[in-house]
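What you see below is based on every heavy atom in this structure, not just the backbone, and it leaves out hydrogens, waters and symmetry mates.
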Number of protein chains: 2
Amino acid sequence: MATESQVFQQIPHKSLREVALSAIRQAILCGDIKPGQRLLETEIAAQLGVSRAPVREALRQLETEGLVVSEPHRGTFVIELSDADLWEIYTLRAAIESLAVQIVTERADEETLARLQQAVDEMEEAAQARDSARLAALDMSFHEMLCRASGHSRLLDVWLSMTVQIRTFIDLTNTLYLPAEDVVRLHAEVLAHIRNGEAQEAGAALKRHILDVGQRICQLWRGDADN
Amino acid sequence: MATESQVFQQIPHKSLREVALSAIRQAILCGDIKPGQRLLETEIAAQLGVSRAPVREALRQLETEGLVVSEPHRGTFVIELSDADLWEIYTLRAAIESLAVQIVTERADEETLARLQQAVDEMEEAAQARDSARLAALDMSFHEMLCRASGHSRLLDVWLSMTVQIRTFIDLTNTLYLPAEDVVRLHAEVLAHIRNGEAQEAGAALKRHILDVGQRICQLWRGDADN
DNA sequence: TGATGGTATAATGTCGACATTCGACAGTCC
DNA sequence: GGACTGTCGAATGTCGACATTATACCATCA
């Protein structure tokens, strides 16, 4: 390279497949397409103004991501989550996030700690302001930060897949499953363990927290199912 | 149904995409296609006697499975694993298999226990017969059984993805990374904990075992890299 | 001699059309 | 009237062809 430093950022080269992928995923997560609903390749292609080929490839990818299921010659459908699925997702999240926080504890740099601390601080504010939507968003953000900070790309992939599946079920960033004070306290607790270098304790605390939320969501699901 | 019992077995309805998927995956795992090697859609399609469409979809699926990577307009390549990748895979395996064995401990039925016991018994035989290939295969089989017995489909998916990636690197069923006696002993230990209902201990033992093997493989990789 | 620019080639990205298959509906027979 | 069977429409599965783009090679020029 003749240029001494990075001057230009890479120009984003988006294929139609990637565009279709994002569009469909967002439509599902926004709730524009509901769980169980059928995804018509022809219609999606027509709406996006592209041919069926990139749409098909995007659907295949969404299938391996676990957002949709498809049956041969029958079509592709948005997943419907049972309580067994919720159990799977939350137990898996508990296991991998526990690993993530242990890794973070062992390698945490100042910047990461500062960002986690900032999230907790903002949680505190949101809790006092009774802004539960913001609090829920910060909650998710804290967990995602942990997974990213672990530098464990496969762990992050699994985490993203699980949370995306959950989002088809409910908008996690808008609902709280714990009293606001508890949310703040539990995350502050984990962060304290990270600061103290207590990897085991941090992992255990986070695991308990996630399993607890999972149980509450399962209970809520059963309550909804009665309707 | 007019027929009283099942007379005909289901006709296996395999789409060309699935056929291509299996064929390519097996070719990679068998070592016919080596890590880093380019996968030409046209050539694969020609060899399989199909068009490029199902081959492309199969490659996309292999990509999300983590077996290949593809760059826009450049092509698709078999993954090459660095020591960082091996570290990711083994730490993740340790975390999820630990979860799997805890679940199995809590719900193990007699049949599952019997099959696990049989695997350990056969390990014992293989160890005494100095049949390391068979021992390695039984080892993998034991771990896979645990993941299947957990009834946790997402956990199993992640496990399969990780082990498939590892197999592009080395044929796990043909190489041993521990003395034969240790292999038998460690698995027998885990099984004993399962029988005793000691979920925590079973999980911890399995986690140690996997991380240990992971470290050995990483060391081996560094040794190989010097060549 | 080295760097720059153009060109050829080959692979991927995308498209429209045809083949295959599934589900529903109507017709027929008992 | 009920159950089986044949037909029809629509969506998916597959194909071959064209468009786009990256790479290698070669000619040109300072």
Decide yes or no for [X] and [Y]: does some side-chain heavy atom of the first lie under 4.5 Å from some side-chain heavy atom of the second?
X	Y	answer
R25(A)	E65(A)	yes
V213(B)	Y90(B)	yes
I166(B)	L86(B)	yes

Roughly how many Å is it from [atom1] in [X] to [atom2] in [N], rounded to a whole number?
X	N	atom1	atom2	result
Q37(A)	dA11(D)	CD	P	14 Å
F77(A)	dT12(D)	CZ	P	9 Å
H73(B)	dT21(D)	NE2	P	6 Å

L40(B) vs L16(A), nearer the 5' end of DNA chain C by closest nucleotide: L40(B)

Contact boundaries of DNA chain C with chain B (under 4.0 Å, heavy atoms), 5' to 3'? dA11(C) to dT14(C)

Can R93(A) and E97(A) be counted as an ion pair, charged N to O under 4.0 angstrom? yes

Please give me every residue in residues 52-66 of chain B whose heavy atoms get under 4.0 Å of an atom in DNA chain D, ordered by residue number. R52(B), A53(B), P54(B)

How long is the gap from CG on L39(B) to CD1 on I33(B), to the nearest 0.5 Å? 5.0 Å

Please state whether the rings of H187(B) and F142(B) are parallel, tilted or perpendicular, taking 30° and 60° as the class boundaries. perpendicular

Honestly, is R167(A) close enough over W159(A), meaning NZ or CZ under 6.0 Å from the six-membered ring centre and within 45° of the axis? no

List the steps and the verdict of side chain to side chain contact (heavy atoms under 4.5 Å, CB included) for L178(B) and D139(B). CA-CA 11 Å; L178(B) 290 171; D139(B) 185 347; over 6 Å; no

